Chemist: 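My questions all concern the structure below.
Lettering of chains follows the sequences in order, A, B, ..., and the numbering in each one begins at 1. Small disclaimer: the values here were computed from a predicted structure and weren't measured.
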2 protein chains.
Amino acid sequence: MTDITAPPEAEREAGSGGGDPPAPEPIWDIIELLFFAYRDFVGDPDHVLAALRFGRAHHRVLHFVNRNPGMKVADLLDILRITKQSLGRVLKQLIDEGYVVQQEGPQDRRQRLLFVTAKGEALAMRLARLQTARITRALEELGPTGHDSARRFLSAMIDPRERERVLRLIGRSDRLRQAAVRG
Amino acid sequence: MTDITAPPEAEREAGSGGGDPPAPEPIWDIIELLFFAYRDFVGDPDHVLAALRFGRAHHRVLHFVNRNPGMKVADLLDILRITKQSLGRVLKQLIDEGYVVQQEGPQDRRQRLLFVTAKGEALAMRLARLQTARITRALEELGPTGHDSARRFLSAMIDPRERERVLRLIGRSDRLRQAAVRG
DNA sequence: CAGTTATGTCAGTCATGTTGACATATTTTG
DNA sequence: CAAAATATGTCAACATGACTGACATAACTG
């Protein structure tokens with residue numbers, strides 16, 4: 001194990017004469033670790049998806065539909081922050097190949113509520129377990145407070161404006177899926 | 001602050017009868033937080049880059065050249081894991097617009113060692129400071145061990161096979177840039 | 001009924017990745 | 001030294017997943 005624990009920390013170059021405030025050194029380690037960690041994190045599912053002729057865009061859609069059964073198309077667009085045209089293409093493929101189904105909204109019949117099929121859930125869970133394996137391995141290295149630290153760090157990295165919304169989404173999804181399992 | 005600290009943790013559904021091992025519930029919170037956190041993290045630079053008609057690909061190249069002055073094209077390809085054709089396109093633009101320069105290798109004259117210009121460094125630093133601002137804000141919420149926790153978590157998320165290499169790269173880049181500043 | 005909303009679709013463009021083939025200069029090797 | 005290997009660049013074609021703009025349909029709402 002290299003010296004991960006020894007902070008390089010940016011020996012604040014002793015601000016010599018005067019002039020402008022010396023502009024603190026960027027936090028290079030976190031910036032670069034995020035790049036490499038995220039690449040590996042999304043790389044796991046990529047291989048499985050490639051075999052099915054799917055890409056990351058399909059994964060994102062499948063993931064959030066699996067997590068939020070019965071969600072509206074508009075909500076999905078809002079979460080993913082893409083246009084309906086972009087969503088349309090991948091959603092159509094997921095529907096055509098039997099991973100997702102749409103169902104008329106019971107109150108508002110304009111809505112096409114989204115659900116994963118058994119096949120869709122199986123794939124979503126398979127991909128989630130791949131990513132979970134990596135996360136579990138990582139958290140085990142960090143001791144009992146690891147999960148909490150990671151969660152707090154990542155939450156804090158989200159725009160304050162949307163943080164609430166995201167945390168609410170994550171919590172709500174948990175309850176939704178529980179209900180779907182029991183129902 | 002919502003209940004970030006209360007682990008939803010996946011009430012391991014008490015494995016009823018028997019059959020297959022019940023396949024533990026995925027770690028949904030970290031999976032989704034990574035998605036949202038990373039999106040915001042790369043979103044900051046995107047706005048600045050868009051104004052210059054650059055994209056993320058340009059950012060990555062500029063970043064690593066700034067961090068590793070004098071690096072070989074082959075090393076950059078290896079870090080980014082893209083093809084030379086993909087690199088070529090964005091690198092050419094960065095060179096044409098005066099952000100990066102190439103210099104013949106002193107030992108091996110086939111090599112085109114890469115350096116940022118003053119203009120290139122200014123942009124790279126500006127983007128890094130944007131990301132650093134977000135990271136700083138996040139780490140401040142986590143107390144004194146925040147930086148270390150985050151670093152250890154992200155390191156652990158990287159493939160064990162390449163972790164060493166990445167950590168060495170990060171450490172070496174710090175020293176290289178220090179030398180370039182003093183030199 | 002008129003206007004708004006939820007969704008879908010067609011067409012064109014852009015950014016960024018890919019393969020495959022080939023070119024050029026330089027170093028290394030038999 | 002000639003031949004092979006290496007470092008880099010470039011052309012062409014293609015895939016994915018974003019985008020904008022325009023338009024269509026059905027259903028809800030006032």
Chemist: Which residues in residues 82-97 of chain B have a heavy atom closer than 4.0 Å to any atom of DNA chain D?
Modeler: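 By residue number: K84(B), Q85(B).
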Chemist: Test: side chain to side chain donor-acceptor pair (under 3.5 Å). Region: residues 100-109 of chain B. Which pairs qualify, not counting sequence neighbours?
Modeler: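 Pairs touching residues 100-109 of chain B that pass the test: D108(B)-R110(B).
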Chemist: Could you name each residue pair satisfying ring-ring contact (aromatic ring centres under 6.0 Å, His included) that touches residues 76-96 of chain A, not counting sequence neighbours?
Modeler: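 Counting only pairs at least two positions apart or across chains, no ring-ring contact (aromatic ring centres under 6.0 Å, His included) contact touches residues 76-96 of chain A.
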Chemist: Donor-acceptor check, side chain of D40(A) to backbone of D159(B), threshold 3.5 angstrom: yes or no?
Modeler: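 Side chain of D40(A) to backbone of D159(B), a donor-acceptor pair under 3.5 Å: yes, one is there.
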Chemist: Check every strand shown and say whether R53(B) touches a base, only sugar-phosphate, or nothing at a heavy-atom separation below 4.0 Å.
Modeler: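 Counting heavy atoms under 4.0 Å across all strands, no contact is made by R53(B).
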Chemist: Less than 6.0 angstrom separating the ring centers of F41(B) and F36(B), yes or no?
Modeler: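 No, ring centres 6.0 Å or more apart.
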Chemist: Using a strict cut-off of less than 4.0 Å between a Lys/Arg side-chain nitrogen and an Asp/Glu carboxylate oxygen, indicate whether E121(A) and R67(A) qualify as a salt bridge.
Modeler: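 Salt bridge: no.
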Chemist: Between which nucleotides of DNA chain C, read 5' to 3', does contact with chain A run, using atoms under 4.0 Å from its heavy atoms?
Modeler: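 Endpoints of the contacted stretch of DNA chain C: dT5(C) to dC10(C).
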Chemist: Have a look at D44(B) and tell me which of R134(B), R129(B), Q131(B) forms a side-chain hydrogen bond (donor to acceptor under 3.5 Å, both in side chains) with it.
Modeler: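 Among R134(B), R129(B), Q131(B), the one meeting side-chain hydrogen bond (donor to acceptor under 3.5 Å, both in side chains) with D44(B) is R134(B).
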Chemist: Quick one, which residues of residues 36-49 of chain A touch DNA chain C with a heavy atom under 4.0 Å?
Modeler: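 Result for residues 36-49 of chain A: none.
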Chemist: For S155(A) and L167(A), run side chain to side chain contact (heavy atoms under 4.5 Å, CB included): C-alpha distance rounded to whole Å, both residues' side-chain angles, the deciding distance at 0.1 Å, then the answer.
Modeler: CA-CA 8 Å; S155(A) 300; L167(A) 294 174; 3.9 Å; yes
Chemist: As a quick check of understanding, evaluate side chain to side chain contact (heavy atoms under 4.5 Å, CB included) for E25(A) and T132(B), giving each step before the final call.
Modeler: CA-CA 9 Å; E25(A) 184 73 1; T132(B) 296; over 6 Å; no
Chemist: Could you list the residues that satisfy side chain to side chain donor-acceptor pair (under 3.5 Å) with E97(B), not counting sequence neighbours?
Modeler: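 Expected list: none.
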Chemist: If the condition is salt bridge (Lys or Arg N to Asp or Glu O under 4.0 Å), which residues does K84(A) pass it with, not counting sequence neighbours?
Modeler: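 Result, salt bridge (Lys or Arg N to Asp or Glu O under 4.0 Å) vs K84(A): none returned.
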Chemist: When the C1' atoms of the five terminal pairs at each end define the local axes, what inter-axis angle does the helix from dC1(C)-dG30(D) to dG30(C)-dC1(D) show, to 10 degrees?
Modeler: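 Computed angle between terminal axes is 20°.
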Chemist: If you apply the rule side chain to side chain contact (heavy atoms under 4.5 Å, CB included), what do you find for I31(A) with H63(B), and how did you get there?
Modeler: CA-CA 10 Å; I31(A) 291 176; H63(B) 172 92; 3.8 Å; yes
Chemist: Which atom pairs link the protein and nucleotides 27-30 of chain D when you take only N or O atoms and keep those under 3.5 Å?
Modeler:
| unit_1 | atom_1 | unit_2 | atom_2 | d |
| --- | --- | --- | --- | --- |
| dA27(D) | OP1 | R109(A) | NH2 | 3.0 |
| dC28(D) | OP1 | R109(A) | N | 2.9 |

Chemist: Give the table of side-chain donor-acceptor pairs shorter than 3.5 Å for residues 51-61 of chain B, with sequence neighbours excluded, one pair per line with atom names and distance.
Modeler:
| unit_1 | atom_1 | unit_2 | atom_2 | d |
| --- | --- | --- | --- | --- |
| R56(B) | NE | D46(B) | OD1 | 3.3 |
| R56(B) | NE | D46(B) | OD2 | 2.9 |
| R56(B) | NH2 | D46(B) | OD2 | 2.8 |
| H58(B) | ND1 | G55(B) | N | 2.9 |
| H58(B) | NE2 | Q93(B) | OE1 | 2.9 |

Chemist: Starting at CD of Q102(B) and ending at P of dT8(D), how long is that distance when rounded to a whole Å?
Modeler: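 Answer to the nearest Å: 9 Å.
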Chemist: Write out all pairs satisfying ring-ring contact (aromatic ring centres under 6.0 Å, His included) with one or both partners inside residues 67-91 of chain A, taking only residues at least two apart or from two chains.
Modeler: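 For residues 67-91 of chain A, and leaving out neighbouring residues, there are no ring-ring contact (aromatic ring centres under 6.0 Å, His included) pairs at all.
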Chemist: Determine yes or no for a side-chain-to-main-chain donor-acceptor pair under 3.5 angstrom, with R151(B) supplying the side chain and L33(A) the backbone.
Modeler: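 No, because the side chain of R151(B) does not come within donor-acceptor range (under 3.5 Å) of the backbone of L33(A).
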Chemist: What pairs of residues pass the ring-ring contact (aromatic ring centres under 6.0 Å, His included) test when at least one of them lies in residues 108-145 of chain A, not counting sequence neighbours?
Modeler: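 Those involving residues 108-145 of chain A do not exist here.
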